[in-house]
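All residue numbers in this chain count up from 1 along the given sequence.
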Amino acid sequence: MISVQTWSDAQLLWDFQQMHHDPQPCSVGIGLGSHDLGVADATVNLYQRGMFPLILFTGATSRTTRDRMPRGEAEHYRERALELGVPASAILVEPRARNTGENINFARELLAERSVEVSSVLLVSKPYEERRAYATARRLWPGVAIVSASAPMTLSEYVDSMKDPRLVLDMLVGAQQRLLIYPEQGFMISQEVPDSVAAAYERLRSEGFTSRLLPAK
């Protein structure tokens with residue numbers, strides 16, 4: 001049984017992880033690979049709203065996606081976009097990236113190879129990884145305007161879609177940890193964390209929502 005306080009703490013992390021950017025027209029939309037096919041749906045929705053003329057899906061497979069997406073995350077995203085009516089000519093696929101940094105770097109390399117001029121990027125991720133995607137892109141792709149987006153879902157809606165509340169809380173805690181430790185490792189820019197969010201993160205850790213934490217070095 002998950003307590004009211006735990007859900008309150010999870011909501012604090014959920015709200016902080018989202019950037020609350022208003023989507024705006026960009027040079028390209030980049031859908032970051034994951035287990036969540038909803039990222040592809042959100043990317044297509046933004047494309048169909050005229051937010052960008054080109055989609056780039058990036059992602060290989062991981063231990064959580066190798067069974068669900070055996071052809072690779074980016075390729076499954078592409079197939080979903082085609083099903084939803086996006087023309088093949090508007091989709092690029094980057095099939096090698098295995099983390100957010102590689103998503104950004106390999107996407108940047110592919111766009112350069114295709115001579116796509118990029119002044120702004122609309123990054124589409126899972127709802128609880130908007131801030132990580134933004135911070136990583138700001139670090140690795142200076143000089144380009146970054147807008148972060150995801151499917152417009154509440155925490156409750158996302159938990160219902162995943163059908164595994166504990167896993168969602170574990171992922172929220174893991175995402176928050178990366179925001180704290182990755183800047184020191186040069187993987188993303190540093191961002192101020194409100195005291196209330198830091199306290200919620202520590203409480204959730206102490207309650208054992210730790211399966212997605214990276215080991216201490």
* Check whether any side-chain heavy atom of Phe52 lies under 4.5 Å from a side-chain heavy atom of Pro25, and answer yes or no. => no
* Asked: Would you say Phe209 and Leu180 are hydrophobically clustered, going by side-chain heavy atoms of ILVMFWY under 4.5 Å?
  -> yes
* Reported CG-to-CE distance for the pair Leu213 and Met171, which is rounded to 0.5 angstrom -> 13.0 Å
* Between Trp141 and Thr136, is a side chain to side chain contact (heavy atoms under 4.5 Å, CB included) present by the stated rule, with each step listed? -> CA-CA 8 Å; Trp141 208 341; Thr136 304; over 6 Å; no
* To do: Determine whether more than 12 heavy atoms belonging to other residues, nucleotides or ligands lie under 6.0 Å from atom CZ of Arg68.
  => no
* Is the backbone of Ala40 close enough, under 3.5 Å, to the side chain of His76 for a donor and an acceptor to pair up by distance? -> no
* Structure fact -> Tightest non-hydrogen contact, residues Tyr47 and Ala90, listed as OH-CB, 3.6 Å
* Would you kindly confirm whether Leu172 and Ile2 end up in one hydrophobic cluster when ILVMFWY residues are joined by side chain heavy atoms under 4.5 Å apart? => yes
* Report whether Leu84 and Phe57 are members of the same hydrophobic cluster (ILVMFWY, side-chain heavy atoms less than 4.5 Å apart, transitive linking). => yes
* Consider only side-chain N and O atoms of Glu207 and Thr6, and report whether a donor and an acceptor are under 3.5 Å apart. => yes
* **Residues Arg203 and Asp9 bridged, charged N to O under 4.0 Å** => yes
* Asked: Roughly how far, to the nearest 0.5 Å, is CG of Leu56 from CG of Asn103?
  -> 9.5 Å
* To do: Applying side-chain contact (heavy atoms from CB on, under 4.5 Å) between Val124 and each of Ile55, Leu46, Ile30, report the one that passes.
  => Leu46
* To do: Using a 4.5 Å cut-off on heavy atoms from C-beta on, say whether the side chain of Val173 contacts that of Tyr201.
  => yes
* **Pair His35-Met162, side chain to side chain contact (heavy atoms under 4.5 Å, CB included): steps then yes or no** => CA-CA 10 Å; His35 64 271; Met162 291 293 294; 3.5 Å; yes
* Return yes if some donor-acceptor pair links the side-chain N/O of Glu94 with the main-chain N/O of Ala97 below 3.5 Å, else return no. => yes
* Over all atoms of both residues, closest heavy-atom pair of Asp170 and Thr210 -> OD1-N, 3.3 Å
* Check whether any side-chain heavy atom of Glu129 lies under 4.5 Å from a side-chain heavy atom of Leu32, and answer yes or no. => no
* To do: Say whether Leu204 and Ile181 are linked into one hydrophobic cluster, either directly or through other cluster members, by side-chain heavy-atom distances under 4.5 angstrom.
  => yes
* Structure fact -> Scanning both residues in full, the closest heavy-atom pair of Ala137 with Ile104 reads CB-CD1, 4.0 Å
* To do: Search all heavy atoms of Ala42 against all heavy atoms of Ser150 and return the closest pair with its distance.
  => CB-C, 4.2 Å
* **Polar side-chain atom of Gln185 near backbone of Tyr182 as donor-acceptor pair, under 3.5 Å** => no
* To do: Could you give me the CA-CA distance, side-chain angles and deciding distance for Ser34 and Tyr77, then say whether side-chain hydrogen bond (donor to acceptor under 3.5 Å, both in side chains) is met?
  => CA-CA 9 Å; Ser34 73; Tyr77 279 16; 3.0 Å; yes
* Asked: Any sub-3.5 Å donor-acceptor pair from Gln177's side-chain atoms to Leu214's backbone N or O?
  -> yes
* Asked: Salt bridge check: are Arg71 and Glu79 linked by an N-O gap of less than 4.0 Å?
  -> yes
* **Cationic tip of Arg139 above Phe187 ring, under 6.0 Å, 45° of axis** => no
* Can you find a side-chain donor-acceptor pair between Asp36 and Tyr158 that sits under 3.5 Å? -> yes
* Residue pair Leu111 / Leu54, side-chain heavy-atom distance below 4.5 Å -> yes
* Looking at side-chain heavy atoms only, is the closest gap between Leu140 and Arg108 below 4.5 Å? -> no
* Side chain Ser27, main chain Ser119, donor-acceptor under 3.5 Å -> yes
* Tell me yes or no: between the side chains of Ser125 and Glu130, is some donor less than 3.5 Å from an acceptor? => no
* Asked: Nearest 0.5 Å, what's the CZ-OG1 distance between Arg98 and Thr58?
  -> 11.0 Å
* To do: Taking all non-hydrogen atoms of both residues into account, name the closest pair between Leu169 and Trp7 and its distance.
  => CD1-CZ3, 3.6 Å
* Verify whether the ring centers belonging to Tyr134 and His21 lie closer than 6.0 Å. => yes
* Any chance you could measure Arg80, atom CZ, to Asp41, atom CG, to the nearest 0.5 Å? => 4.0 Å
* **Side-chain H-bond candidate by donor/acceptor type, Arg132 with Gln17, under 3.5 Å** => no
* To do: Taking the six-membered ring of Phe106 (Phe, Tyr or Trp), confirm whether the NZ or CZ of Arg96 is under 6.0 Å from its centre and within 45° of its axis.
  => yes
* To do: Check the hydrophobic clustering (I, L, V, M, F, W, Y; side-chain heavy atoms under 4.5 Å; chains of links allowed) and say if Ile189 and Val144 are grouped together.
  => yes
* Could you tell me whether the side chain of Cys26 reaches within less than 4.5 Å of the side chain of Val121, counting heavy atoms only? => no
* Between Thr43 (side chain) and Val39 (backbone), is there a donor-acceptor pair under 3.5 Å? -> yes
* Pairwise distance CD(Glu113) to CG(Leu92) - rounded to 0.5 angstrom -> 10.5 Å
* To do: Supply the atom-to-atom distance Tyr128 OH to Leu155 CG, rounded to the nearest 0.5 angstrom.
  => 12.0 Å
* Please walk me through it: do Glu102 and Asn99 pass side chain to side chain contact (heavy atoms under 4.5 Å, CB included)? -> CA-CA 5 Å; Glu102 289 185 351; Asn99 57 56; 3.4 Å; yes
* Asked: Would you say the side chains of Glu109 and Asn105 form a donor-acceptor pair under 3.5 Å?
  -> no
* To do: For residues Leu123 and Ala133, report the shortest heavy-atom separation together with the two atoms involved.
  => CD1-O, 3.4 Å
* Please step through side-chain hydrogen bond (donor to acceptor under 3.5 Å, both in side chains) for the pair Gln18 and Arg131, ending with a clear verdict. => CA-CA 6 Å; Gln18 297 190 3; Arg131 189 172 290 276; over 6 Å; no
* Asked: Side-chain contact, heavy-atom cut-off 4.5 Å: Arg212 with Leu167?
  -> yes
* Assess whether side chain to side chain contact (heavy atoms under 4.5 Å, CB included) is satisfied between Leu122 and Ile146, documenting all intermediate values. => CA-CA 6 Å; Leu122 209 164; Ile146 303 296; over 6 Å; no
